[in-house]
Structures are given as structure tokens and as C-alpha cells.
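Everything below concerns the one structure shown next.
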2 protein chains.
Amino acid sequence: MHTIYLVDDEVNLNRVLVKYLEQEGWQVKSFTSGEAAASAIIEKPDLWILDIMLPDLDGFQLIKRIKAHDETTPVIFISARDEDIDKIIGLEMGSDDYIAKPFLPRELVIRVKKILARAYAAPKTGVIRYGDYMIYPEKRVIEENGQEIDLTSKEYDLLILFATQIGTPMSREQILVSVWGDDYFGSDRVVDDLVRRVRKKLSKLELETIYGIGYRLVAA
Amino acid sequence: MHTIYLVDDEVNLNRVLVKYLEQEGWQVKSFTSGEAAASAIIEKPDLWILDIMLPDLDGFQLIKRIKAHDETTPVIFISARDEDIDKIIGLEMGSDDYIAKPFLPRELVIRVKKILARAYAAPKTGVIRYGDYMIYPEKRVIEENGQEIDLTSKEYDLLILFATQIGTPMSREQILVSVWGDDYFGSDRVVDDLVRRVRKKLSKLELETIYGIGYRLVAA
DNA sequence: AAGGATTTCCGCAGAATTATGGGAGAATTA
DNA sequence: TAATTCTCCCATAATTCTGCGGAAATCCTT
């Protein structure tokens, strides 16, 4: 779940946008002044949404401070004035996107989704980190603090399945299809068995059983 | 097949739009006055298309009534006046889209398609918010301020049933069928029990008893 | 305010589900 | 082929969930 900080002094619009953003499951904090927002920079939200025109510290000054604190934090500008838009585009303000008023809240939501996906997508190397474990899918290797751990092929398949679906519950049926293929017709108790073996080898992996449903990997 | 209700007092445009919408295979009913449309709200169409300017009850008043009846019903506004457009966007009118006159009928059709797809395609992906609770249906998880709460599978089924029917009273019979299935023949006191357990775990959920009838979840 | 109907509360036993240990056979490797 | 590892499955233990009865509390009607 991502945290989004919104800065806009129009309280009405502010309230509406917060509602829409929260609807998407994001944790939103909103500010109506630039100074208030500036003091929250150290809290490192995952994304900023800034109105340009603010009573005290304007959006341009804000983004400078945000980027000074952490260059990688994505920022979306919103503005009504054409000359502001020109400025955003013309100057290298470092913003990741902008949106002109008036706009539909869902337009903003779409842009936020895109930016978040781009900024926080799994690294291209394909390496998955889970606590002390490092997983290298293409090598079919998992290390604990640099120490390689031996997994059998099914054990590894199961690990990858869960590691790429962290937090999502998986039914035995889903696991069977994913690990054994859809032409397996034995008992689904083999899943329990496999889970047991993986748990034994990877004791720090929080493989939670969901009674009546299946299993899931709890976020580290 | 979806049902679409169209409200516009320009009979010419009205007739044209109905034709285009029906061409897509949708079932269309059209109104030329706000009052007439208002009395059809209980028929629960899948989507409303509202002109803002109407002789009696205008589009803004109409959408209020529609959303009051069912918050999730999608609404598309059509309007010629710029100040109306501003109002749609600035205020929290809850509209899902708008289109400015003049427009091509097929432009409207495209928007309708998108809205319908979003509203009725994958209902499982949406996050449900209820006060401090966030419900993630596909993960079978509910969080209170980020803190996950454990529910058993029946408890979760009950939660989902109510959370997707906020405000609607449910009889024990309905709950039995929905949670236990229609092949359960024990006492319906088990519903009381399940409600009690859910209330205990989710104390902020306003699960109201309707004496002699059943239960309902009061809007947060 | 009484009395009957309905709902809530409580604890427990049995049902359902999952964990574990061990063994046999299959698959792989030496 | 023998040795080793891997996988499946069974039996049993451990755990979790759920339905139920009955007592207490609450609600509604008269």
C-alpha cells in the first residue's frame, strides 16, 4: 500500500481528491499550505501531488525541496494557469507528470497508478528480496545472507509462485495447477507436504495457512 | 445485456441517441423530464445518462437521488454550458464521466462502453472502505488502520455479503443461502452466532439487528 | 409493567481441516 | 546397478472452526 501526500489549498477539491485516492486503497495525507507540506517531506511518502499556486510556499519551491531530500520521489503537478503548465514543461522542474484544471478525479487516479507502477515496479533484474532472502528466479537460486539454500524443483516452483504473489491467498487447486500442471490427478494433500518441506528449509518465510482456503506468503 | 436510462428534453437528440445506444445491444429507456426519470430510479438501470438542463428537476438534483438510492450506479453527464462542466468537476457530484455538447453519438457510445466495463466487469478487484476498515476482497483480508484482522472463512463471507449490500436489511434466510449455501438444513440460529463473532472481531462495524427480520450493515 | 417473543451470550464437543512422522516407490545420479 | 534423493501417500496428532443448547438480556406488544 502506497502513501500519497496531496497539497492543494482549495479545500473542496482537496476533500474530493482524498476520497477518490483512498478508494484505491492508498493512504492519503492532505495539506492546504506549502509550509505544512514542507515539514512533512521527511516522512517520505511514495508520491506527491502538488498544486502550483499556494498561499505561502508554491509548488515550484516545494518540488525543489522534495527532490533535494530524495531525488527519486515522484511528483505530479496540478494547475489551472497555462503559464504554469508552460513553466513545468519548459523548465526542468523534475515533475513526473502534470494535469490541468479542471479535471475529473479519476483522470488523476489513472495518472497516479501509472506513476506508481513505473516508480515502484519490481526491479528489472528479476531479483526478489524477502527479508534476509534473495531470490534469483532465472538461476533458480535462493540465498540467505549470501548463503545458498538447496531447494528441489517443486520446492522452488512453489517459492516462486508465492514470492511473486505476496499477500495473496492461493488455493490448493491453484497451487496444484501452477506447480504440478493441470494434468495431475492425485490428492491435493501433496500441497501440504510441499509447503511443509519449504517451511522447513526456509524457516524465515512466513507461509501462513488459511484454514479452509489454502496458503499465502505474508509480506516480510 | 445492460439497461441504460437516458434523460434529455431535446426530443430530437434524444431519439438519435436512443437509436445509437440500442444499436450496441443495450436496452434503453428515455425520459424528457427530470420528474419522470426520478420515479424510475427504483428500476435500477445499469447506467444513467443525464442532461444537466431540464425543465423541472435538473441533472444535479437527479444524480443526488440516484446516488442516494444506489451509490454505485454509474452516471454520465451531458451539458452544453461551461459553468455546468466546472460544477460537475469542482463539486463532488459523483459523476463518472461527462461529455460536452455538441458531441458525436459514437463518442458517447465509447464512453458508455468504458464505464460499463469498469463498473460491471471485475467487481472483485475493488477495494471496499468502511470507516477505518479497508477490505480487500480478492485477498480475503480486512485491515483496521493497516492492522490486519483475522477472520474465518464464514466470518469473511458474511462480511463481504454485508459490505457489498450496505444499508440493505438481510433476512436470516438470505444470509443462510449466501454463506452456507442452499443445501444447509440446520437451525437459522447459526446466523446469530456468526453475526456475534463478526461483531466481536470488527467492533466498529455497525451490524444492526432488525427485530423480527434479520440484520443490516449501517453505512459508516 | 408484565409477559411472551426474539436476540445475545457463553462454553463446549464434535466436525472439519491441517501438521507431522514415517515408509514405499519413482526418479535421478553415481 | 546401487545409492541417493525426491515425491507421494497414509495414519495419527494437533489445531481450528462451527453448531448447538441453555441461560441471560433485550425488545415489542398489550
Side-chain angles (χ1 to χ4, degrees), chain A residues 139-142 148-162 168-218, chain B residues 139-142 148-162 168-218:
Chain A
K139 294 185 182 176
R140 298 182 68 81
V141 159
I142 177 171
E148 196 170 312
I149 301 172
D150 259 17
L151 293 185
T152 70
S153 108
K154 282 202 167 42
E155 286 163 4
Y156 197 82
D157 290 343
L158 187 78
L159 170 67
I160 293 298
L161 175 63
F162 279 111
T168 308
M170 311 285 284
S171 70
R172 287 189 173 69
E173 183 58 29
Q174 283 177 287
I175 297 168
L176 274 180
V177 170
S178 175
V179 176
W180 278 263
D182 52 14
D183 53 347
Y184 174 81
F185 298 103
S187 154
D188 61 2
R189 292 291 115 191
V190 295
V191 173
D192 302 40
D193 222 10
L194 189 57
V195 167
R196 167 167 54 134
R197 274 150 36 208
V198 171
R199 277 178 176 158
K200 203 166 183 179
K201 287 190 180 175
L202 309 174
S203 57
K204 290 178 186 166
L205 210 68
E206 280 192 73
L207 262 178
E208 188 180 75
T209 92
I210 306 176
Y211 191 95
I213 303 291
Y215 299 89
R216 79 183 177 118
L217 180 57
V218 181
Chain B
K139 290 186 193 277
R140 298 184 68 86
V141 157
I142 177 170
E148 200 171 302
I149 301 171
D150 261 17
L151 294 185
T152 69
S153 77
K154 282 210 168 36
E155 286 163 4
Y156 195 82
D157 290 344
L158 188 79
L159 170 67
I160 293 298
L161 175 64
F162 279 110
T168 310
M170 311 285 284
S171 71
R172 288 189 174 68
E173 183 57 28
Q174 283 177 288
I175 297 168
L176 272 180
V177 170
S178 175
V179 176
W180 278 263
D182 51 15
D183 53 346
Y184 175 81
F185 297 104
S187 151
D188 62 1
R189 291 294 109 194
V190 296
V191 173
D192 303 41
D193 246 334
L194 190 59
V195 168
R196 178 175 65 90
R197 285 171 174 138
V198 171
R199 277 179 177 156
K200 200 168 183 180
K201 287 189 180 177
L202 309 175
S203 56
K204 290 177 186 166
L205 210 70
E206 280 192 71
L207 263 177
E208 189 179 74
T209 307
I210 307 176
Y211 193 90
I213 304 292
Y215 300 90
R216 82 185 177 109
L217 180 58
V218 181

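In what follows, chains are A, B, ... by sequence order, proteins preceding strands, each numbered from 1.
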task = Under the salt bridge (Lys or Arg N to Asp or Glu O under 4.0 Å) rule, what do A:D193 and A:R196 come out as? Steps first, then yes or no, please.
result = CA-CA 5 Å; A:D193 222 10; A:R196 167 167 54 134; 2.5 Å; yes

request  = Using both distances under 3.5 Å as the test, list the Watson-Crick or G-U wobble partner of D:dT26, or none.
outcome  =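 In the structure as shown, D:dT26 has C:dA5 as its Watson-Crick or wobble partner.
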
ask   = Under 3.5 Å, side chain of A:Y184 to main-chain N/O of A:V177, donor-acceptor pair present?
value = no

request  = Using whole Å, report how far CG of B:D192 lies from P of D:dG21.
outcome  =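 Computing the B:D192:CG to D:dG21:P distance gives 13 Å.
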
note = Whole-Å distance, A:R172 CZ to C:dA19 P, equals 7 Å

request  = Consider only side-chain N and O atoms of B:R199 and B:T209, and report whether a donor and an acceptor are under 3.5 Å apart.
outcome  =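 The answer is yes; a qualifying pair exists.
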
query = Do B:R172 and B:V195 have side-chain heavy atoms sitting under 4.5 Å apart?
reply = no

Phosphate OP1/OP2 of [N]: any [X] side-chain N/O under 4.0 Å:
X	N	result
A:Y211	D:dA14	no
B:R199	C:dT8	yes
B:Y215	C:dT6	no

request  = Sugar-phosphate means primed atoms, P, OP1 and OP2; the rest is base. With that split, encode nucleotides 2-9 of chain D 5' to 3' as B, S or - using protein heavy atoms under 4.0 Å.
outcome  = ----SSBB

query = Excluding sequence neighbours, so at least two apart, what forms side-chain hydrogen bond (donor to acceptor under 3.5 Å, both in side chains) with A:T168?
reply = B:K139

query = Which atom names give the shortest non-hydrogen contact between B:D150 and B:E155, and what distance separates them?
reply =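 Looks like O-OE1, 4.4 Å.
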
ask   = Where each residue is assigned the nucleotide of DNA chain C containing its nearest heavy atom, which of A:G214 and B:I210 is assigned the position nearer the 5′ end?
value = B:I210

